[in-house]
S.K.: 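Here it is, the structure, as structure tokens.
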Amino acid sequence: MNILVNGDPKTVAENCTAAQLVEQMGITGGRIAMEVNREIVPRSTYDTHQLQADDVVEIVHAVGGG
């Protein structure tokens with residue numbers, strides 16, 4: 001199915017979860033935040049949050065500095 005991730009079209013498997021998307025994109029282990037259709041997805045629900053066709057996903061990395 002097709003979704004939009006950070007403005008770029010991406011094809012993912014049907015029943016893809018937020019956790020699977022993060023793993024597929026190779027951004028596991030870091031501090032990230034995800035929004036799907038302008039709603040924050042709590043990290044504790046990534047394993048169960050099912051993405052739907054045409055979802056608009058924004059993923060941001062937390063960057064420390066000082």
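Counting begins at 1 with the first residue of the sequence.
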S.K.: Quick check for you: to the nearest 0.5 Å, what is the distance between Ile32 atom CD1 and Ile59 atom CD1?
M.R.: 5.5 Å
S.K.: Please give me the minimum heavy-atom distance between His61 and Ile27, naming the atom from each residue.
M.R.: CE1-CG2, 3.6 Å
S.K.: Find the distance between NE2 (His49) and CZ (Arg43) and round it off to the nearest 0.5 Å.
M.R.: 14.5 Å
S.K.: Ignoring hydrogens and angles, tell me if any N or O in the side chain of Tyr46 forms a donor-acceptor pair with the backbone of Leu21 under 3.5 Å.
M.R.: no
S.K.: Sub-3.5 Å donor-acceptor pair from the side chain of Glu58 to the main-chain atoms of Glu35, do we have one?
M.R.: no
S.K.: Without swapping roles, check the side chain of Thr45 against the backbone of Thr48 for a donor-acceptor pair under 3.5 Å.
M.R.: no
S.K.: Which pair of non-hydrogen atoms, one from Ala18 and one from Met34, has the smallest distance, and what is that distance?
M.R.: CB-SD, 3.6 Å
S.K.: Could you tell me the separation between the CG atom of Leu51 and the CG atom of Asn2, rounded to the nearest 0.5 Å?
M.R.: 12.5 Å
S.K.: Side-chain contact, heavy-atom cut-off 4.5 Å: Lys10 with Val12?
M.R.: yes
S.K.: For atom CD of Gln24, decide whether the heavy atoms of other residues, nucleotides or ligands shown that lie under 6.0 angstrom number more than 12.
M.R.: yes
S.K.: Dump the intermediate steps for side-chain contact (heavy atoms from CB on, under 4.5 Å) on Val5 and Met25, then the final yes or no.
M.R.: CA-CA 10 Å; Val5 180; Met25 294 182 67; 3.7 Å; yes
S.K.: So, the side chain of Glu39 versus the backbone of Val36: is there a donor-acceptor pair under 3.5 Å, distance only?
M.R.: no
S.K.: Side-chain heavy atoms nearer than 4.5 Å, only ILVMFWY residues, links allowed to pass through others: does that put Val60 and Val22 together?
M.R.: no
S.K.: Using only atom types and a distance under 3.5 Å, with no angle test, would you say the side chain of Asp54 pairs donor to acceptor with the backbone of Ile3?
M.R.: no
